[in-house]
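To find a chain, count down the sequence lines: A is the first, B the second, and so on, and within it residues start at 1.
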There are 2 protein chains.
Amino acid sequence: MSEYQKYLDSAISELRRGTLVLGVLSALDKPMYGYSLIQVLHSKGFLIDQSTLYPLLRRLEKQEFLKSDWEIEDSRPRKYYVLSESGRKFLADLIGEWKSNIKIINSLLD
Amino acid sequence: MSEYQKYLDSAISELRRGTLVLGVLSALDKPMYGYSLIQVLHSKGFLIDQSTLYPLLRRLEKQEFLKSDWEIEDSRPRKYYVLSESGRKFLADLIGEWKSNIKIINSLLD
DNA sequence: TGACAATACTGTATGCCGTACAGTATAATG
DNA sequence: CATTATACTGTACGGCATACAGTATTGTCA
């Protein structure tokens, strides 16, 4: 892979980086487990890998923005995550920041 | 500062993170030196600190997306940066990615 | 005129967080 | 019955923003 491509990939990954939390939290309005979350987000064009999502979910739970429950009734054990109250507020705050950022960047790009 | 505020600040900083390169490169369509770049971006609502900008400029030059020239004729020495050819393409690629990201995230947030 | 703020940079250290990688185990498929 | 898909855990690594410290010159204003 060319140096150029390497740097571009890296910059693209940096671009996505901040939006990861946004994408994940916004999807967890309703309870969902990790593996299915990957597929749901994927189907909407939001690509996220296992190795990115699982650590992120754990971190967000530690920070108390997500609650989790193991469902062992299903065909196989699944850990369902959902927004906590605090997480709901956090998401709202982040969305505000995101929208403000978009305006600023778009004005720079004109 | 509360834990909540700490996590929010961190997430906001992650949100900005990817857009830093976008903001800086888009401004360097015309030659400009670091210190003034901070002020120009600042006046447009894009906040960036010395300790963030200078290392970023050095990195982008190392990656050959920026060229630089010392101007010592001025009242004091200033290092002017401007997009290279490669940088111009890089910026265009990044903008494409940025716009695509916005669409995806916004569709998630609806 | 002399101190303090503003200007304008360099360089190193730190820490967060995404990602890679390795591993575990069960269920579905063909 | 082997292979693939599902569904998770945990650690190691590296890139990059940010903090911090440092240097030196110019402008201001009391």
Side-chain angles (χ1 to χ4, degrees), chain A residues 1 3 6-25 31-42 46-63 65-66 68-81 94 101, chain B residues 1 3 6-25 31-42 46-63 65-66 68-81 94 101:
Chain A
M1 185 163 53
E3 287 293 289
K6 206 185 80 190
Y7 294 141
L8 185 59
D9 286 351
S10 166
I12 288 173
S13 134
E14 290 290 321
L15 260 188
R16 286 198 216 286
R17 182 172 173 142
T19 66
L20 287 171
V21 172
L22 213 48
V24 167
L25 288 184
M32 210 175 325
Y33 60 95
Y35 198 85
S36 78
L37 190 50
I38 290 173
Q39 296 171 324
V40 168
L41 291 176
H42 203 93
F46 191 98
L47 307 178
I48 186 168
D49 194 81
Q50 282 205 4
S51 63
T52 299
L53 181 64
Y54 286 123
L56 176 56
L57 289 173
R58 284 178 231 140
R59 197 190 94 220
L60 290 171
E61 184 178 22
K62 203 171 173 189
Q63 297 175 340
F65 298 132
L66 292 178
S68 76
D69 271 306
W70 278 100
E71 290 287 341
I72 50 174
E73 311 289 299
D74 297 348
S75 62
R76 68 182 73 197
R78 289 165 175 157
K79 198 171 182 179
Y80 280 79
Y81 290 91
L94 264 190
N101 275 10
Chain B
M1 187 163 53
E3 286 295 289
K6 205 185 81 189
Y7 294 142
L8 185 59
D9 286 351
S10 166
I12 288 173
S13 133
E14 291 290 322
L15 259 188
R16 286 197 215 287
R17 183 172 171 141
T19 66
L20 286 171
V21 171
L22 213 49
V24 166
L25 289 184
M32 210 175 324
Y33 60 96
Y35 198 85
S36 78
L37 190 50
I38 290 173
Q39 295 172 324
V40 167
L41 291 176
H42 203 93
F46 191 97
L47 306 178
I48 185 166
D49 193 81
Q50 282 204 2
S51 63
T52 300
L53 181 64
Y54 286 124
L56 176 57
L57 289 173
R58 284 179 231 140
R59 197 189 96 219
L60 290 171
E61 185 178 21
K62 202 171 173 188
Q63 298 175 339
F65 298 132
L66 292 178
S68 77
D69 270 307
W70 278 100
E71 291 286 342
I72 51 173
E73 312 288 301
D74 295 349
S75 61
R76 69 183 72 199
R78 289 166 175 155
K79 196 170 182 181
Y80 280 79
Y81 289 92
L94 265 190
N101 275 10

Side chain to side chain contact (heavy atoms under 4.5 Å, CB included) test vs A:L25 passes for just one of A:L20, A:L56, A:L66, namely A:L66
From CD1 of A:I38 across to P of C:dG18 the rounded distance in Å is 14 Å
Note: for B:Q63 and B:D49 on DNA chain D, the residue whose nearest nucleotide lies more 5' is B:Q63
Across all chains, not counting sequence neighbours, the ring-ring contact (aromatic ring centres under 6.0 Å, His included) partners of B:F46 are none
Here the distance between atom P of C:dG18 and atom CD of A:E14, to the nearest Å, is 10 Å
To the nearest angstrom, the CD-P distance between B:E3 and C:dC16 comes to 12 Å
side-chain hydrogen bond (donor to acceptor under 3.5 Å, both in side chains) filter on B:D69, not counting sequence neighbours, yields none
By the 4.0 Å heavy-atom rule, please label A:Q39 as base, sugar-phosphate, or nothing. sugar-phosphate
A:I48 atom CD1 is separated from C:dC17 atom C1', nearest whole Å, by 12 Å
dist A:S75:OG -> A:I72:CD1 (nearest 0.5 Å) comes out at 12.5 Å
Expected list for residues 52-60 of chain A near DNA chain D, using heavy atoms below 4.0 Å, is A:Y54, A:R58
From CD1 of A:I12 across to P of C:dG18 the rounded distance in Å is 17 Å
Between A:D49 and A:I38, the two heavy atoms sitting closest are C-CD1, 4.4 Å
A:Y33 meets the ring-ring contact (aromatic ring centres under 6.0 Å, His included) criterion, sequence neighbours left out, with A:Y80
Using only side-chain N and O atoms of B:S36, determine if any of them is under 4.0 Å from OP1 or OP2 of C:dA8.
-> no
Residues passing the side-chain hydrogen bond (donor to acceptor under 3.5 Å, both in side chains) test with B:S36, sequence neighbours excluded, are none
Interatomic distance, OH@B:Y81 vs CZ@B:R58, rounded to 0.5 Å, equals 7.0 Å
Protein and nucleotides 27-30 of chain C: nitrogen or oxygen contacts under 3.5 angstrom:
residue, atom, partner, partner atom, Å
C:dA27, OP1, A:S75, O, 3.4
C:dA27, O4', A:R76, NH2, 2.7

Using a 3.5 Å cut-off and no angle test, enumerate the donor-acceptor pairs between side-chain atoms of residues 6-15 of chain A and protein atoms at least two apart in sequence or in another chain.
residue, atom, partner, partner atom, Å
A:Y7, OH, A:E3, OE1, 3.1
A:D9, OD1, A:Q5, NE2, 3.2
A:E14, OE1, B:R17, NE, 2.6

Rounded to whole Å, CH2 of B:W70 lies from C1' of C:dA8 at a distance of 8 Å
Taken to the nearest whole Å, CG/A:D9 to P/C:dT19 is 11 Å
Between the CG atom in A:L94 and the CG atom in A:L22, the distance rounded to the nearest 0.5 Å is 6.0 Å
side-chain hydrogen bond (donor to acceptor under 3.5 Å, both in side chains) filter on A:S68, not counting sequence neighbours, yields A:E61
Between the CZ atom in A:R16 and the OG1 atom in A:T52, the distance rounded to the nearest 0.5 Å is 10.5 Å
What residues 17-24 of chain B contributes to the DNA chain D interface at heavy-atom separation below 4.0 Å is B:R17, B:L20
Min and max contacting nt of DNA chain D in 5' to 3' order, chain A heavy atoms within under 4.0 angstrom, are D:dA5 to D:dC16
From CG of A:L15 across to P of C:dT19 the rounded distance in Å is 12 Å
A:L57 and A:G34 have their tightest heavy-atom pair at CD1-CA, 4.0 Å
